[in-house]
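Note that the numbering runs from 1 along the sequence shown for the chain. Because only heavy atoms are used, hydrogens play no part in the values below, and waters and symmetry mates are left out as well, while side chains stay in. Note that the coordinates shown come from a computational prediction; the quantities given were computed from them, not determined experimentally.
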Amino acid sequence: MSSHPVAATVASLMPRAKEELAELVAFRSVADFDQFPRSESEGAARWIADALTAEGFQDVALLDTPDGTQSVYGHLPGPEGAKTVLLYAHYDVQPPLDEAGWTTPPFELTERDGRWYGRGAADCKGGVIMHLLALRALKADGGVPVHVKVIVEGSEEQGTGGLERYAEEHPELLEADAVVIGDAGNFRTGLPTVTSTLRGMTLVRVRIDTLEGNLHSGQFGGAAPDALAALVRVLDSLRAEDGSTTVDGLTDDTAWDGLQYDEEQFRKDAKVLDGVRLIGSGTVADRIWARPAVTVLGIDCPPVVGATPSVQASARALISLRVPPGVDAAGATKLLQAHLEAHTPWGARMSIEQIGQGQAFRADTTSPAYRAMADAMAVAYPGQEMQYAGQGGSIPLCNTLATLYPQAEILLIGLSEPEAQIHAVNESVSPDELERLSVAEALFLRAYASGAS
């Protein structure tokens with residue numbers, strides 16, 4: 001760790017940061033209110049609002065966004081004439097999946113083997129704490145040299161677009177000279193990285209109907225059209241023999257020309273079982289950062305336990321399609337819908353409902369903000385040079401901000417490095433990464449304020 005005074009201050013604040021992250025992780029703030037109580041998300045939002053108020057933020061508000069969730073906003077005034085920087089994170093989290101698969105309770109921050117485990121520890125409640133640490137360190141070392149706006153979203157993981165629509169309706173609210181999105185991650189623990197591209201996404205729910213009701217498979221099977229079998233055929237049409245995504249009309253040969261991802265290292269990071277091949281073609285970086293990727297997220301069908309000998313009358317699936325920079329998400333959605341309809345067999349009835357959508361993002365890495373961040377990272381990670389990587393995930397707000405504020409410089413950093421295992425069981429955050437990135441963010445705000453490169 002750096003010997004810089006800001007680094008020493010952040011180090012002294014880490015015990016408090018752990019306590020606060022534990023309090024925040026304890027909220028079961030999944031923004032799916034059919035599964036989790038709305039009160040859990042509202043509690044997390046109030047916790048963040050109280051934390052901002054305690055740090056001297058003004059105009060702190062719980063914003064009721066159009067998707068029925070709350071985002072938290074606050075403004076910390078800086079010196080007269082200073083630049084404005086928007087800091088972003090989100091407090092909603094993915095469901096814990098199989099709680100029995102967690103070594104320790106998912107909503108109880110637990111230290112183990114030098115990491116802090118808990119749902120949202122890295123993605124992205126840790127990002128909230130990172131912003132707080134950076135600001136506290138600056139306040140203790142001469143003050144915050146910029147105007148700071150903080151926005152913490154309540155439904156990022158659901159992709160329902162509440163904050164994007166709110167921002168479009170209130171365009172002055174999030175206006176800033178630079179934006180730091182604290183929802184990405186280093187390429188590897190200890191290797192400072194900014195994310196320069198994000199894939200966009202579309203999310204659709206499909207339903208196939210073939211019969212008025214289920215039928216006895218012995219009496220009718222073999223002639224009666226099985227909706228589940230039809231769905232399996234449709235889903236299989238979305239992948240080539242090698243596993244590449246095949247949506248009719250969607251390009252699948254773009255190459256990534258930046259930092260490369262070693263295939264053996266990817267296998268370890270993804271915990272691919274021995275003997276199981278990776279899917280797709282091209283380099284790993286091509287596949288996860290520069291090309292479309294379809295994933296079947298869920299299927300509604302009878303479970304094996306309790307299943308009856310029946311031909312299924314209807315079946316549903318939830319399908320995600322990630323689209324790379326340069327591909328319009330709305331256009332990709334139309335291609336996906338047309339593909340699904342064209343590959344539905346036997347005249348079965350197909351209905352498609354769009355659930356969410358977000359555009360891909362590409363940053364301008366030649367901007368002054370990126371130079372300031374490179375300098376800050378060099379101090380926080382002595383001996384390391386800042387790297388540029390892509391990210392296969394989507395942060396729909398990025399493109400909304402880029403459209404609303406075309407002059408703003410948008411940077412993506414964060415705590416979701418491969419070992420964090422975000423969205424999976426046993427998600428964790430590295431406290432060393434939290435400490436170093438908080439130092440980097442603080443020094444970035446100082447360098448950006450001064451205009452130094």
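Side-chain N or O atoms of Asn186 include one that pairs as donor or acceptor with a backbone N or O of Thr193 at under 3.5 Å. Glu55 contributes no side-chain N or O that, together with a main-chain N or O of Phe57, makes up a donor-acceptor pair within less than 3.5 Å. Here the side chain of Arg205 pairs no donor or acceptor atom with the backbone of Ile352 at under 3.5 angstrom.
Side-chain polar atoms of His343 and Asp236 form no donor-acceptor pair below 3.5 angstrom. For Glu23 and Trp47, the side-chain atoms include at least one donor-acceptor pair closer than 3.5 Å.
With values rounded to the nearest 0.5 angstrom, Leu321 atom CG is found 7.5 Å from Thr333 atom OG1. Rounded to the nearest 0.5 angstrom, Cys124 SG and His90 NE2 are separated by 4.5 Å.
If you run salt bridge (Lys or Arg N to Asp or Glu O under 4.0 Å) between Arg119 and each of Glu108, Glu157, Glu427, only Glu427 comes through. Each of Asp59, Val60, Val152 was evaluated against Leu52; a single residue qualifies, Val60, per the side chain to side chain contact (heavy atoms under 4.5 Å, CB included) test.
Geometrically, Lys83 engages Tyr448 in a cation-pi contact defined by less than 6.0 Å to the ring centre and at most 45° from the axis. For the pair Arg28 and Phe36, the cation-pi criterion (under 6.0 Å, within 45° of the ring axis) is not fulfilled.
Between Phe187 and Tyr261, the gap from one ring centroid to the other is short of 6.0 Å.
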